[in-house]
Enquirer: 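Got a structure for you, questions after.
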Amino acid sequence: MSSRRSRSRRPSSSRITDDQIIDLVSKLQALLPEARRRSTDRGSAAKVLQDTCNYIRSLHQEMDGLSERLAELLATTDTTSDQAAIIRSLLM
Amino acid sequence: MISSSSSSSAPSSSSASASRIKLRPGPPTQARNKWRTGAQERIYGRRLVEALRSSRAGRSAAAGGARAVKEAADSALALTARGQSRWSRAILFGRFRRRKLLLKAGGKVRRRRRARPAGKFAALPHPPAALKGKKVRDRLRVLARLVPGCRKLSAPSLLEEAADYLAALEMQVKAMRTLADALSAAALSPPSPPPPAAAAPEPEN
């Protein structure tokens, strides 16, 4: 049928082996903050995914808080020359 | 025939890259290293400042300003990613689409999540055994909602995007925190004698 004929994608999807997935999951786990505490072999995929979601959510929340903070700072700080100096020193 | 060939480059590239995963040496590890370099943070910082400056050109209200700051930060992050990842492209193009819709609708704002008809994606490739089970599938779905532009990706591509997005977010948070700390420290400390009327007296290096 058409699924077998011109779709080169289909056969490639079966080439995604378990090992590759396990590899990706473990690398994702390595990015999480808990990875440093635990031994490397803790991750069931479900747990790693859950930790990832939680971590991304917490990063989003941090971002929201920082955005508010920055907005206030930028609004209240009057002297733009001070700001420019700070920013320049950070960027160099 | 038509559907398979016209299913844009997106699905074929995502599953093609998935099949090529073995050849590339550990993308998620590279993701963290890529985003951790000081160079990336400086590039991002510069973009962030540009975006902030252009967005706050007349806006001083802190309430509306927070969202503007966040959007500026996200756009800057997506730009720093140079559109190499799906989530960064989703952020960049998401802005344009919304603007265009607003202009067209002329007041009626419609949020169309599905820009593409669902028919192009026949079905996601079946995840291998390691990812079966309801729990895993549910969490994959949640993850797909969190990472921009990744709702219909196959599992391996989603994992890759998530790793890159996560590393990028970490860098973003770090950069913004540094900026906020520096600005608030300056605001709290007694104003050091401001540079004499000649703005920016320090020699430009």
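Order of the sequence lines fixes the chain letters, A, B, ..., with proteins taken first and strands second; residue numbering starts at 1 for each chain.
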Enquirer: Between L166(B), D74(B), V147(B), who has the most heavy-atom pairs with chain A when the cutoff is under 4.5 Å?
Expert: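 Heavy-atom pairs under 4.5 Å are most numerous for L166(B).
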Enquirer: To the nearest 0.5 Å, how far apart are CG in L70(A) and CG in L179(B)?
Expert: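 The distance works out to 5.0 Å.
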Enquirer: Stepwise, does the side chain to side chain contact (heavy atoms under 4.5 Å, CB included) test hold for L159(B) with L49(A)?
Expert: CA-CA 9 Å; L159(B) 291 177; L49(A) 287 176; 3.9 Å; yes
Enquirer: Would you please name every residue forming a side chain to side chain donor-acceptor pair (under 3.5 Å) with D64(A), sequence neighbours left out?
Expert: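 Checked D64(A) against side chain to side chain donor-acceptor pair (under 3.5 Å); zero matches.
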Enquirer: Between E170(B) and L31(A), what is the shortest heavy-atom contact and its length?
Expert: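 Scanning both residues, the minimum pair turns out to be OE2-O, 3.8 Å.
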Enquirer: What are the two closest heavy atoms between L73(A) and A180(B), and how far apart are they?
Expert: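 Shortest heavy-atom separation between L73(A) and A180(B) comes out as CD1-O, 3.4 Å.
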Enquirer: Dump the intermediate steps for side chain to side chain contact (heavy atoms under 4.5 Å, CB included) on E68(A) and V69(B), then the final yes or no.
Expert: CA-CA 8 Å; E68(A) 290 221 21; V69(B) 168; over 6 Å; no
Enquirer: Locate the shortest heavy-atom distance separating V142(B) from C53(A); write the atom from each residue and the value.
Expert: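 Heavy atoms of V142(B) and C53(A) come nearest at CG1-SG, 3.9 Å.
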Enquirer: Where do A71(A) and A66(B) come nearest, in terms of heavy atoms and distance?
Expert: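 Answer, listing the atom of A71(A) first, then A66(B): CB-N, 3.5 Å.
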Enquirer: State which residues pass salt bridge (Lys or Arg N to Asp or Glu O under 4.0 Å) with R69(A); sequence neighbours excluded, sorted by chain then number.
Expert: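 With neighbours one apart ignored, the set is D181(B).
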Enquirer: If I take atom CG from residue D164(B) and atom CG from residue L28(A), how far apart are they, to the nearest 0.5 angstrom?
Expert: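 Result: 11.0 Å between the selected atoms.
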Enquirer: Looking at CZ of R177(B) and CE of M63(A), how far apart are the two atoms once the value is rounded to the nearest 0.5 Å?
Expert: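 Going from CZ on R177(B) over to CE on M63(A), the span is 11.0 Å.
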Enquirer: Below 4.5 Å, heavy atoms only, C-beta onward: do T52(A) and R139(B) meet side chain to side chain?
Expert: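 No, every pair of side-chain atoms sits at 4.5 Å or beyond.
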Enquirer: Pair K135(B), S44(A) - check side chain to side chain contact (heavy atoms under 4.5 Å, CB included), show working.
Expert: CA-CA 11 Å; K135(B) 243 192 198 174; S44(A) 74; over 6 Å; no
Enquirer: Does the side chain of S67(A) reach to within under 4.5 Å of the side chain of M176(B), using non-hydrogen atoms?
Expert: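 Yes, at least one pair of side-chain atoms sits under 4.5 Å.
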Enquirer: Measure the CG-NZ distance between L59(A) and K174(B) for me, rounded to the nearest 0.5 Å.
Expert: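 It comes to 13.5 Å.
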Enquirer: Side chain, backbone, both or neither: which part of A73(B) has a heavy atom under 4.5 Å from chain A?
Expert: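 Contact with chain A: side chain only.
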